[in-house]
Visitor: 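Please find one structure pasted underneath; my questions will follow.
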Amino acid sequence: MVKACLFDLDGVIVDTAKYHYLAWRRLANELGFEFTEEDNERLKGVSRMKSLEILLEIGGVSFDEETKEAMAAKKNAWYVEYISKMDSSEVLPGVIDFLTSLRENGIKISLGSVSKNAMIILKNTDVDKYFDAVIDGTKITHAKPDPEVFLKGAEELGVDPKECVVFEDAQAGIEAAINAGMHSVGVGSPEILGKADFVISSFNEMSLNRLKF
Ligand code: BG6
Ligand code: MG
(Lines give C-alpha, C1' and ligand atoms only; values in the text may rest on other atoms or scores of the structure.)
(Ligands and ions follow the chains in the order given, each with its own letter.)
Protein backbone atom coordinates (compact mmCIF):
# COMPACT_ATOMS: atom_id res chain seq x y z
CA MET A 1 0.00 0.00 0.00
CA VAL A 2 1.40 3.38 -1.02
CA LYS A 3 1.55 5.95 1.80
CA ALA A 4 3.84 8.59 0.28
CA CYS A 5 4.82 10.03 -3.09
CA LEU A 6 8.25 11.62 -3.55
CA PHE A 7 8.75 13.97 -6.47
CA ASP A 8 11.85 15.12 -8.26
CA LEU A 9 11.48 18.79 -9.28
CA ASP A 10 13.33 19.65 -12.51
CA GLY A 11 11.66 17.81 -15.40
CA VAL A 12 8.86 16.36 -13.23
CA ILE A 13 6.98 19.29 -11.69
CA VAL A 14 8.41 22.03 -13.91
CA ASP A 15 10.52 22.14 -17.06
CA THR A 16 13.52 24.06 -15.76
CA ALA A 17 15.99 22.24 -18.05
CA LYS A 18 15.52 25.07 -20.56
CA TYR A 19 16.68 27.67 -18.00
CA HIS A 20 19.65 25.55 -16.92
CA TYR A 21 20.49 25.25 -20.62
CA LEU A 22 20.32 29.02 -21.27
CA ALA A 23 22.59 29.74 -18.30
CA TRP A 24 25.15 27.01 -19.11
CA ARG A 25 25.19 28.06 -22.78
CA ARG A 26 25.83 31.66 -21.75
CA LEU A 27 28.84 30.50 -19.72
CA ALA A 28 30.13 28.28 -22.55
CA ASN A 29 29.81 31.14 -25.05
CA GLU A 30 31.68 33.45 -22.71
CA LEU A 31 34.44 30.84 -22.57
CA GLY A 32 34.45 30.69 -26.37
CA PHE A 33 32.74 27.40 -27.22
CA GLU A 34 29.30 26.10 -28.24
CA PHE A 35 26.98 24.14 -25.97
CA THR A 36 24.08 22.36 -27.68
CA GLU A 37 20.69 21.17 -26.37
CA GLU A 38 21.94 17.64 -26.96
CA ASP A 39 24.93 18.36 -24.67
CA ASN A 40 22.44 19.67 -22.10
CA GLU A 41 20.80 16.21 -21.87
CA ARG A 42 23.95 15.04 -20.07
CA LEU A 43 23.32 17.54 -17.25
CA LYS A 44 19.81 16.41 -16.31
CA GLY A 45 19.69 15.24 -12.70
CA VAL A 46 23.40 16.04 -12.26
CA SER A 47 24.64 18.34 -9.46
CA ARG A 48 25.78 21.90 -10.20
CA MET A 49 29.54 21.25 -9.83
CA LYS A 50 29.41 17.97 -11.75
CA SER A 51 27.45 19.77 -14.50
CA LEU A 52 30.24 22.36 -14.73
CA GLU A 53 32.85 19.56 -15.00
CA ILE A 54 30.92 18.06 -17.95
CA LEU A 55 30.55 21.48 -19.61
CA LEU A 56 34.29 22.21 -19.32
CA GLU A 57 35.08 18.75 -20.67
CA ILE A 58 32.87 19.47 -23.71
CA GLY A 59 34.75 22.76 -24.26
CA GLY A 60 38.09 21.00 -23.79
CA VAL A 61 39.18 23.48 -21.10
CA SER A 62 40.24 23.17 -17.47
CA PHE A 63 40.51 25.59 -14.54
CA ASP A 64 41.56 25.57 -10.88
CA GLU A 65 38.99 24.99 -8.10
CA GLU A 66 38.62 28.67 -7.19
CA THR A 67 37.89 29.67 -10.80
CA LYS A 68 35.39 26.80 -11.12
CA GLU A 69 33.56 27.92 -7.97
CA ALA A 70 33.30 31.43 -9.42
CA MET A 71 32.00 30.06 -12.75
CA ALA A 72 29.35 27.92 -11.04
CA ALA A 73 28.25 30.96 -9.00
CA LYS A 74 27.99 33.08 -12.14
CA LYS A 75 25.90 30.44 -13.94
CA ASN A 76 23.68 30.15 -10.88
CA ALA A 77 23.11 33.92 -10.73
CA TRP A 78 21.86 33.84 -14.34
CA TYR A 79 19.72 30.75 -13.62
CA VAL A 80 18.15 32.44 -10.56
CA GLU A 81 17.39 35.48 -12.74
CA TYR A 82 15.42 33.20 -15.13
CA ILE A 83 13.56 31.20 -12.47
CA SER A 84 12.62 34.32 -10.51
CA LYS A 85 10.24 35.14 -13.41
CA MET A 86 8.47 31.75 -13.20
CA ASP A 87 4.84 31.47 -12.14
CA SER A 88 2.14 28.80 -11.74
CA SER A 89 1.57 28.63 -15.51
CA GLU A 90 4.87 26.71 -15.74
CA VAL A 91 3.73 23.74 -13.65
CA LEU A 92 3.65 20.73 -16.00
CA PRO A 93 0.27 19.33 -17.20
CA GLY A 94 -1.65 17.13 -14.78
CA VAL A 95 0.65 17.79 -11.81
CA ILE A 96 -1.76 19.92 -9.73
CA ASP A 97 -4.69 17.52 -10.23
CA PHE A 98 -2.54 14.57 -9.15
CA LEU A 99 -1.11 16.39 -6.09
CA THR A 100 -4.66 17.42 -5.12
CA SER A 101 -5.95 13.85 -5.32
CA LEU A 102 -3.01 12.61 -3.20
CA ARG A 103 -3.82 15.16 -0.49
CA GLU A 104 -7.54 14.31 -0.60
CA ASN A 105 -6.65 10.67 -0.03
CA GLY A 106 -4.19 11.19 2.83
CA ILE A 107 -1.11 10.22 0.84
CA LYS A 108 1.94 12.18 2.01
CA ILE A 109 4.03 14.25 -0.40
CA SER A 110 7.74 15.09 -0.36
CA LEU A 111 10.13 16.77 -2.73
CA GLY A 112 13.38 14.91 -3.51
CA SER A 113 15.61 17.17 -5.60
CA VAL A 114 19.37 17.81 -5.70
CA SER A 115 18.73 21.46 -6.66
CA LYS A 116 19.72 24.14 -4.18
CA ASN A 117 17.15 26.44 -5.83
CA ALA A 118 14.15 24.16 -5.22
CA MET A 119 12.44 26.39 -2.63
CA ILE A 120 12.42 29.47 -4.92
CA ILE A 121 10.84 27.42 -7.72
CA LEU A 122 8.21 25.80 -5.45
CA LYS A 123 7.24 29.23 -4.05
CA ASN A 124 7.15 31.05 -7.41
CA THR A 125 4.99 28.36 -9.00
CA ASP A 126 2.76 28.17 -5.91
CA VAL A 127 3.13 24.40 -5.45
CA ASP A 128 4.94 24.62 -2.09
CA LYS A 129 1.57 24.32 -0.30
CA TYR A 130 1.13 20.71 -1.47
CA PHE A 131 4.33 19.43 0.18
CA ASP A 132 4.56 17.85 3.64
CA ALA A 133 8.38 17.69 3.36
CA VAL A 134 10.98 19.30 1.11
CA ILE A 135 14.36 17.62 0.72
CA ASP A 136 16.62 19.59 -1.65
CA GLY A 137 20.28 20.17 -2.43
CA THR A 138 20.76 22.21 0.74
CA LYS A 139 19.91 19.16 2.90
CA ILE A 140 21.90 16.36 1.27
CA THR A 141 25.54 15.44 0.80
CA HIS A 142 25.23 12.65 -1.79
CA ALA A 143 23.78 13.15 -5.29
CA LYS A 144 21.50 10.62 -7.05
CA PRO A 145 21.87 7.63 -7.69
CA ASP A 146 22.67 7.68 -3.97
CA PRO A 147 19.30 7.11 -2.19
CA GLU A 148 19.94 9.79 0.50
CA VAL A 149 17.51 12.41 -0.89
CA PHE A 150 14.60 9.95 -0.97
CA LEU A 151 15.43 8.17 2.31
CA LYS A 152 15.49 11.55 4.07
CA GLY A 153 12.09 12.37 2.55
CA ALA A 154 10.60 9.07 3.80
CA GLU A 155 12.11 9.65 7.22
CA GLU A 156 10.71 13.18 7.50
CA LEU A 157 7.27 11.88 6.50
CA GLY A 158 7.54 8.92 8.87
CA VAL A 159 6.80 6.42 6.08
CA ASP A 160 8.57 3.12 5.37
CA PRO A 161 10.58 3.25 2.09
CA LYS A 162 8.63 0.19 0.84
CA GLU A 163 5.46 2.29 1.00
CA CYS A 164 6.92 5.14 -1.07
CA VAL A 165 6.77 5.89 -4.80
CA VAL A 166 9.30 8.13 -6.53
CA PHE A 167 8.50 10.19 -9.66
CA GLU A 168 11.63 10.91 -11.71
CA ASP A 169 12.70 12.05 -15.18
CA ALA A 170 16.39 11.09 -14.86
CA GLN A 171 17.95 7.64 -14.99
CA ALA A 172 20.10 8.43 -11.92
CA GLY A 173 16.89 9.32 -10.07
CA ILE A 174 15.21 5.99 -10.87
CA GLU A 175 18.37 4.24 -9.68
CA ALA A 176 18.28 6.29 -6.47
CA ALA A 177 14.68 5.15 -5.90
CA ILE A 178 15.64 1.50 -6.45
CA ASN A 179 18.63 1.94 -4.12
CA ALA A 180 16.23 3.34 -1.50
CA GLY A 181 14.00 0.24 -1.81
CA MET A 182 11.11 2.32 -3.21
CA HIS A 183 8.74 1.94 -6.15
CA SER A 184 9.34 4.30 -9.07
CA VAL A 185 7.48 5.92 -11.94
CA GLY A 186 9.47 7.37 -14.83
CA VAL A 187 8.28 10.65 -16.33
CA GLY A 188 9.52 10.81 -19.91
CA SER A 189 10.78 8.19 -22.32
CA PRO A 190 10.73 4.40 -21.65
CA GLU A 191 14.08 4.04 -23.48
CA ILE A 192 15.82 6.10 -20.80
CA LEU A 193 13.68 5.18 -17.79
CA GLY A 194 13.24 1.45 -18.43
CA LYS A 195 14.23 0.47 -14.88
CA ALA A 196 11.14 2.20 -13.40
CA ASP A 197 8.04 0.15 -12.48
CA PHE A 198 6.29 2.00 -15.29
CA VAL A 199 6.74 5.16 -17.36
CA ILE A 200 4.29 7.99 -18.09
CA SER A 201 4.78 10.78 -20.61
CA SER A 202 2.88 13.29 -18.47
CA PHE A 203 0.86 13.43 -15.25
CA ASN A 204 -2.29 13.52 -17.38
CA GLU A 205 -1.76 9.72 -17.52
CA MET A 206 -1.48 9.40 -13.75
CA SER A 207 -4.24 8.56 -11.28
CA LEU A 208 -4.52 7.09 -7.79
CA ASN A 209 -5.51 3.64 -9.03
CA ARG A 210 -2.15 3.34 -10.79
CA LEU A 211 -0.43 3.45 -7.38
CA LYS A 212 -0.65 -0.33 -7.02
CA PHE A 213 2.61 -2.26 -7.14
C1 BG6 B 1 18.73 18.95 -10.90
C2 BG6 B 1 18.78 19.33 -12.37
O3 BG6 B 1 17.41 18.83 -10.48
O4 BG6 B 1 19.37 19.97 -10.12
C5 BG6 B 1 20.23 19.56 -12.79
O6 BG6 B 1 18.22 18.28 -13.14
C7 BG6 B 1 20.87 20.62 -11.89
O8 BG6 B 1 20.25 19.96 -14.13
C9 BG6 B 1 20.75 20.19 -10.43
O10 BG6 B 1 22.24 20.79 -12.22
C11 BG6 B 1 21.34 21.20 -9.45
O12 BG6 B 1 20.58 22.37 -9.49
P13 BG6 B 1 20.97 23.76 -8.86
O14 BG6 B 1 19.70 24.55 -8.97
O15 BG6 B 1 21.34 23.50 -7.42
O16 BG6 B 1 22.12 24.32 -9.62
MG1 MG C 1 14.85 15.84 -12.84
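Just so you know, residue 1 is the first one in the sequence shown, and it goes up from there. Note that the structure is a prediction, hence the values are computed from the model and not measured. Counting starts at 1 for both ligands and their atoms, following the listed order.
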Visitor: Tell me whether Lys75 has any N or O atom under 3.5 angstrom from an N or O of ligand 1.
Guide: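 No; the residue has no nitrogen or oxygen that sits under 3.5 Å from a nitrogen or oxygen of the ligand.
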Visitor: Of all the non-hydrogen atoms in the protein, which one sits nearest to atom 5 (C) of ligand 1, and at what distance?
Guide: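 The protein heavy atom lying closest is Val46 O, 3.3 Å.
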Visitor: Which protein heavy atom lies closest to atom 6 (O) of ligand 1, and at what distance to 0.1 Å?
Guide: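 Here the closest protein heavy atom is Gly45 N, 2.8 Å.
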Visitor: What is the closest protein heavy atom to atom 3 (O) of ligand 1, and at what distance does it sit?
Guide: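 I find the closest protein heavy atom is Asp10 OD2, 2.6 Å.
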Visitor: Taking distance alone, with no angle check, do Asn117 and ligand 1 share an N/O pair under 3.5 Å?
Guide: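 By distance alone, the answer is yes.
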Visitor: Tell me which N, O or S atom of Asp8 sits nearest to the Mg ion (ligand 2).
Guide: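 Among the N, O or S atoms of Asp8, the one closest to the Mg ion (ligand 2) is OD2.
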Visitor: Geometry only, no angles: is Arg48 polar-contacting ligand 1 at N/O separations under 3.5 Å?
Guide: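 Looking only at distances, the answer is yes, because the N/O contact criterion of under 3.5 Å is met.
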Visitor: Please find the pair of heavy atoms, one from Lys123 and one from Asp128, that lie closest to each other, and give the distance.
Guide: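 That would be CG-OD2, 3.8 Å.
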Visitor: Closer than 2.8 Å to the Mg ion (ligand 2): does that hold for any N, O or S atom in Asp169?
Guide: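 Checking Asp169: at least one N, O or S atom is under 2.8 Å.
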Visitor: Please name the atom of Asp10, restricted to N, O or S, that is closest to the Mg ion (ligand 2).
Guide: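 Nearest N/O/S atom of Asp10: O.
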Visitor: Should we say atom CD of Glu155 is surrounded by more than 12 heavy atoms from elsewhere, each under 6.0 Å from it?
Guide: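 Incorrect, the count does not exceed 12.
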Visitor: Take atom NZ in Lys3; do more than 12 heavy atoms of anything else shown fall under 6.0 Å from it?
Guide: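 Not buried by this count: 12 neighbours or fewer within 6.0 Å.
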Visitor: Looking at every non-hydrogen atom in both residues, tell me the closest pair between Leu31 and Met71 and how far apart they are.
Guide: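 Where Leu31 meets Met71 most closely, the heavy atoms are CD2-CE, 3.6 Å.
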Visitor: Taking the six-membered ring of Tyr79 (Phe, Tyr or Trp), confirm whether the NZ or CZ of Lys75 is under 6.0 Å from its centre and within 45° of its axis.
Guide: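 Verdict for Tyr79: a cation-pi partner in Lys75.
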Visitor: Specify whether Phe7 and Phe203 have parallel, tilted or perpendicular ring planes, treating 30° as the upper limit for parallel and 60° as the lower limit for perpendicular.
Guide: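 Because their plane-to-plane angle lies in the 30° to 60° range, the rings of Phe7 and Phe203 count as tilted.
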Visitor: Please list, in number order, the atoms of ligand 1 under 4.0 Å from a heavy atom of Ser51.
Guide: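 Checking each atom against Ser51, I get 10 (O).
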Visitor: Return yes or no for this condition: an N or O of Ser115 is under 3.5 Å from an N or O of ligand 1.
Guide: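 Min N/O separation from ligand 1 is below 3.5 Å for Ser115.
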Visitor: Over all heavy atoms of both residues, which pair between Phe167 and Cys5 is shortest? Give the atoms and the distance, please.
Guide: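 For Phe167 versus Cys5, the nearest heavy atoms are CE1-SG, 3.8 Å.
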Visitor: Could you identify the single nearest non-hydrogen protein atom to atom 8 (O) of ligand 1 and state the distance to 0.1 Å?
Guide: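 Nearest neighbour among protein heavy atoms for atom 8 (O) of ligand 1, to 0.1 Å: Leu43 O, 3.1 Å.
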Visitor: N/O to N/O below 3.5 Å, does that happen between Lys116 and ligand 1?
Guide: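 Yes, Lys116 has an N/O under 3.5 Å of an N/O on ligand 1.
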Visitor: Around Lys195, counting heavy atoms of other residues, nucleotides and ligands shown, do more than 12 lie under 6.0 Å from its NZ?
Guide: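 Counting neighbours around NZ of Lys195, 12 or fewer heavy atoms of other residues, nucleotides or ligands fall under 6.0 Å, so no.
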Visitor: Is there a heavy atom in Val114 that sits closer than 4.0 Å to ligand 1?
Guide: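 Val114: in contact with ligand 1 (<4.0 Å).
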Visitor: Side chains of Tyr19 and Glu90: do they bring a donor and an acceptor to under 3.5 Å?
Guide: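 There is such a pair between these side chains.
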